[in-house]
Each structure stands twice: as structure tokens, then as C-alpha cells.
Amino acid sequence: MRAAVCPQYGPPEVIRLEDLPPPELGPGQVRVRVGAAAVNFPDVLLIADRYQVRVPVPFVPGSEFAGVVTETTDRTGGFAIGDRVVGTGMYGAFAEEVCVVASALQRAVDRLDLCAAAASGVAHRTAFHALRSTARIGAGDDVVVLGAGGGVGLAAVQLAVALGARVTAVASSREKLDAAARNGAHHLVDHTAGPLRAALRDAVPDGAHAILDPVGGELSEPALRALRRGGRFVAIGFASGVIPRIPLNLVLVKGVQITGFQFRDIPGDEFARNESELTELLASGAVTPHIGAVYPLAETAAALRHVAEGRAVGKVVIDLG
């Protein structure tokens, strides 16, 4: 099978297209012919050996895919040959075949083709669980989304709007803000055009109920100051590469909450509810993943570079179809 391989740690350009033996199918695993794979920022970090978990080289990167089941073993969770599925894992998705445990798979939404299905996994699940169970937003709430043009950010814009919130999208370019506007954002803020604190004061004069931050860096503190009393600041990631230092007096004076998002922190009943609601939003057409760029497998390095440089608008997908 063809696969994109990381032979040594480094920038995206270390990736090479190679012919590898198909992966062996282990007990309880399912073999999937990959039709599309989505690129995420942690993929870039894994290749550079800058992620919190190290994967020994050589390895096939890629943590998110969609495809068709071609082989099963016992204890495969009801999946059968021919089923369209989406899946996640630490690595291995940038290849024509992948073998994963059944618990790493979900059935793909019928309405979505495989590229859209691959793009609907990590970003939309992260954004929806963060909105519903961590930020706990409701209809009429004001939500500020940082990095609103990226994968998680644009998904958060779409989903917050679908939940009835008023969304202020913060991004670094007109292209990203235009995408946020097309997906329902009510206010648009280019943080490169001037002080973010003043811009958010104009956009949300009464303060935001919640801030979703997948970016970190210099945007976090001024965004935190835009919360109303009792608001929630949700840290999702640090795509900027800089972990911010937050003055704790802001938490005390404003009475706000700062919390990190992790899937494992979501109570089981809420997790099941969120997954069901998200599936319905995708199945009904209320939300459709925004794919900003598509690359063939041979250009995986270019796809990773696209994400590494912060140029992605929505999701970047590798098409193996």
C-alpha cells in the first residue's frame, strides 16, 4: 500500500511517499480502506517531535480518516465489510489502509462524502463537546471564538450558531473572517488590525458568556478580559505555539472560570447526548464541514505545511479516493 512516512523528526518536508506492506489485522480490529484523511495541527507536532507524546520513527502520521471496512475479526462492534466509517488514532491515517480497534470507529453520516466525513471528526467533536459540556452555552449567549478560521475554530462558529448563540469570530485574515461570516458569525474581528481588547469591547459591550480558545499566545489575556462576570474561558489548545500566562487577579475580580477541555472529562451521559446531537446536526444538513484545501496523498508534506503555517481555512483534507 502507499503511505506517507515520517522517516525522521523534522518539518513537514521530511515526509516521504513509500510502498509499505499492508498493516496486520489484530484481534478485535477492523481493516479500513482509507478514502480521505484530515490534517490536524498535532500531526505537525508529532512529526517535529514537539508533541506531548513521542511516536518512534519511522511512522505513518495522520490521526483522522474516513473510509470503507474491508476486513473484520471478532469483537468488532457490529461493523461489517462495506460499512462507511470514520475513525481516529494517534497516527497511521495517511495511508491507503489502516487497522484500528472497533472502538476507534463510528459510522459515517450518510449525507457526507468521505472527504467531508473525514473533516467532521476531531474538529467538530472537539468544538461541540467544548460548547455543550465545558462552556455550557445556550440560545442567546454571546460566544467569542479565537482562531475562528481554523479547523476547530470554524467548527465552533458553525456549531455555536446552530445552538442559537451569537458568535464573535476572531481571526487573522479577511479570508478566514469571510468563511466565519458565511458560517453564521455575527461579529468579525481581525486581531491583526488593532488591540483585541478594544475590538471585543465594541463587539460584545456587555461581555461574553464564553470564550473558546484553540490558539493561546497573546490573544488569550485580552479575550479573557472580554468575559462578563461568571463567564467561562475554555482552553482547547495552543496552535500559536505559545502557552499564555494569565494574571489570576482577573479570575478573582471578574468571577470567571478558566477550564481546559479534554474528552475524558465529559460525563458519560453528557458525552452520549453530545454525540447524538452532533450526528443529528450533520445528518440534517444544519452543519456541513468547511473544507478549505484538498491534497493528494503524494502531496502530504504540502498539506502539513499548509496547516503548520496557519493558512488553513476550516479543514485540510488528503484525498485517497
Side-chain angles (χ1 to χ4, degrees), residues 3-4 6 23 25-26 28-47 51-55 59-70 72 75-79 83-109 112-130 133 150-152 154-156 159 214 236-237 239 261-266 268 271-272 274-279 281-282 287 289 291 297 300 303-304 307 312 314-320:
C6 176
L25 190 67
Q29 288 191 328
V30 175
R31 185 185 303 277
V32 177
R33 183 178 70 248
V34 178
V39 183
N40 295 292
F41 192 70
D43 300 328
V44 176
L45 297 180
L46 273 178
I47 291 166
Y51 199 55
Q52 57 259 42
V53 176
R54 166 178 276 196
V55 177
F59 69 95
V60 175
S63 56
E64 184 176 19
F65 62 90
V68 177
V69 174
T70 58
T72 64
R75 302 187 307 279
T76 53
F79 292 108
D83 285 348
R84 296 170 73 251
V85 295
V86 294
T88 58
M90 182 65 68
Y91 55 92
F94 298 162
E96 291 179 325
E97 292 187 10
V98 63
C99 292
V100 295
V101 294
S103 60
L105 296 175
Q106 293 180 308
R107 282 175 172 77
V109 173
L112 303 178
D113 63 26
L114 290 181
C115 282
S120 71
V122 172
H124 281 74
R125 292 179 70 228
T126 296
F128 196 72
H129 285 280
S133 290
V152 173
L154 195 53
L159 293 166
I236 297 175
F261 169 78
Q262 294 281 346
F263 282 113
R264 63 187 177 187
D265 295 331
I266 308 298
F271 191 93
N274 296 349
E275 291 285 305
S276 176
E277 291 179 357
L278 176 57
T279 298
L281 288 170
L282 292 167
V287 171
I291 298 174
L297 183 64
T300 296
L304 288 160
V307 171
K315 295 292 290 188
V316 173
V317 172
I318 295 172
D319 187 355
L320 292 90

Original post:
Who are the side-chain contact (heavy atoms from CB on, under 4.5 Å) partners of D265, not counting sequence neighbours?
Top reply: Q262

Pairs of donor and acceptor atoms involving the side chains of residues 85-92, under 3.5 Å and at least two apart or interchain, shall be tabulated with distances.
none

For a quick test of reading the model, state the closest non-hydrogen atom pair linking [X] to [Y] and the distance between them.
X	Y	answer
F128	L281	CE1-CD1, 3.7 Å
A118	F65	CB-C, 4.2 Å
V98	V100	CG2-CG1, 3.8 Å
N274	I266	ND2-CG2, 4.2 Å
A4	T300	CB-OG1, 3.7 Å
P214	I236	CA-CB, 4.0 Å

Could you measure the distance from the [atom1] atom of [X] to the [atom2] atom of [Y]? Nearest 0.5 Å is fine.
X	Y	atom1	atom2	answer
L320	L114	CG	CG	10.0 Å
D319	C115	CG	SG	4.0 Å
L112	L282	CG	CG	6.0 Å

Original post:
How far apart are the C-alpha atoms of E64 and R125, what are their side-chain angles, what is the distance that settles it, and do they pass the salt bridge (charged side-chain N to carboxylate O under 4.0 Å, His left out) test?
Top reply: CA-CA 12 Å; E64 184 176 19; R125 292 179 70 228; over 6 Å; no

Subject >> All ring pair (Phe, Tyr, Trp, His ring centres under 6.0 Å) counterparts of F41, not counting sequence neighbours >> reply: none

Is there a donor-acceptor contact under 3.5 Å from the side chain of [X] to the main chain of [Y]?
X	Y	value
R31	P23	yes
D43	N40	yes
S276	A272	no

Original post:
Taking the side chain as C-beta and beyond, is there a heavy-atom pair between E96 and V34 under 4.5 Å?
Top reply: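 Result no, sub-4.5 Å side-chain heavy-atom pair not found.
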
